[in-house]
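Here the structure is laid out as structure tokens; the discussion comes afterwards.
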Amino acid sequence: MNTLSYKTISANKETAQKEWIVVDAQGEVLGRLASQIAHLIRGKHKTNFTPHVDCGDNVIVINADKVRLTGAKMTDKVYVRHTGYPGGQRFASPRLLLEKHPERIIEHAVKGMLPKNRLGRRLYTNLYVYAGNQHPHEAQQPTAVKFNI
């Protein structure tokens, strides 16, 4: 048996084949959608997945303002942030965030599902979220993906 034919292929920055994918968030449940998007951004669906390399795809999310939350999360869930000043803790509900900045809900959910290190911060830059159904990435010829969740 020739053992040289069984070499494991490890992707690197030059050999990673990154694609552009469009995901429509209209009517999708936030957490389920975010986990599928994080899966695509990480590149875990590819055969040459390498854990320490950015080999995932660029994901464009449209209709972020039409995402769905189950149960009473629209009013009961709380997003906490801090301004950096004493007493600067601020709270926001998903309803308030959807009115002001609808793309931040999906960005926050996906970011929480990526690794908490410099690779995760690099992977997060492959996410593009838009509130409406238009996006400025037509030149990249993205393919549309529909999740069966």
About how many Å separate CG of Leu123 and CG of Leu114, when rounded to the nearest 0.5 Å? 6.0 Å
Can the ring centroids of Tyr128 and His137 be said to lie less than 6.0 angstrom from one another? yes
Report yes if the side chains of Val59 and Asn126 come closer than 4.5 Å at any heavy-atom pair, otherwise no. no
Which distance, rounded to the nearest 0.5 Å, do you find between the CG of Asn133 and the CG of Asp65? 9.0 Å
Side chain of Asn58, backbone of Trp20: donor and acceptor closer than 3.5 Å? no
Please check this pair: side chain of Lys116 against backbone of Gly112, looking for a donor-acceptor N/O pair closer than 3.5 Å. yes
Do Arg122 and Thr125 pass the side-chain hydrogen bond (donor to acceptor under 3.5 Å, both in side chains) test, and can you show the C-alpha distance, the side-chain angles, and the key distance before you say yes or no? CA-CA 6 Å; Arg122 171 66 187 90; Thr125 63; 2.7 Å; yes
Here the gap from Leu33 atom CG to Ile105 atom CD1, rounded to the nearest 0.5 Å, amounts to 12.0 Å
Is Tyr79 close to Leu96 at the side-chain level, that is, under 4.5 Å between some pair of heavy atoms? no
Please answer: with hydrophobic residues joined when any side-chain heavy atoms are less than 4.5 Å apart, are Val22 and Ile106 in the same cluster? no
For the OH atom on Tyr85, are there more than 12 heavy atoms of other groups (residues, nucleotides or ligands in this structure) within a distance under 6.0 Å? no
Give a yes or no on whether Ile60 and Val129 share a hydrophobic cluster (residues Ile, Leu, Val, Met, Phe, Trp, Tyr; joining criterion: side-chain heavy atoms under 4.5 Å apart). no
Is there a donor-acceptor pair under 3.5 Å between the side chain of Thr50 and the backbone N or O of Asn48? yes
Heavy-atom pair with the smallest gap, counting every atom of Ala92 and Leu97: CB-CD1, 3.9 Å
Closest contact, heavy atoms only, Gln26 versus Asn63: OE1-ND2, 3.7 Å
Backbone of Cys55 reached by a side-chain donor or acceptor of Lys18 within 3.5 Å: no
Which atom of Leu119 lies closest to which atom of Val53, heavy atoms considered: CD1-C, 4.1 Å
Heavy-atom side-chain contact between Thr75 and Arg95 under 4.5 Å: yes
Set out, in order, the CA-CA distance, both residues' side-chain angles and the distance that settles side chain to side chain contact (heavy atoms under 4.5 Å, CB included) for Lys111 and His108, then state yes or no. CA-CA 5 Å; Lys111 189 172 190 175; His108 186 270; 5.9 Å; no
So, Arg68 side chain and Ala25 main chain: donor-acceptor pair closer than 3.5 Å or not? no
In the single-linkage hydrophobic clustering (I, L, V, M, F, W, Y; side-chain heavy atoms under 4.5 Å), do Leu30 and Leu127 co-cluster? yes
Going by heavy atoms in the side chains, are Met113 and Ile41 under 4.5 Å from each other? no
Same cluster or not: are Phe49 and Ile21 linked, directly or through other Ile, Leu, Val, Met, Phe, Trp or Tyr residues, by side-chain heavy atoms under 4.5 angstrom apart? no
Do Ile62 and Leu40 share a hydrophobic cluster, counting only Ile, Leu, Val, Met, Phe, Trp and Tyr and linking them when any side-chain heavy atoms are less than 4.5 Å apart? no
Under 30°, 30 to 60°, or over 60°: which ring-plane class applies to His45 and His39, parallel, tilted or perpendicular? tilted
Considering only heavy atoms from C-beta outward, does the side chain of Pro51 approach that of Arg42 to under 4.5 Å? yes
Measure the CG-CD distance between Leu98 and Glu103 for me, rounded to the nearest 0.5 Å. 10.0 Å
Given 3.5 Å as the limit, does a donor-acceptor pair link the side chain of Lys46 with the main chain of Gln17, or not? yes
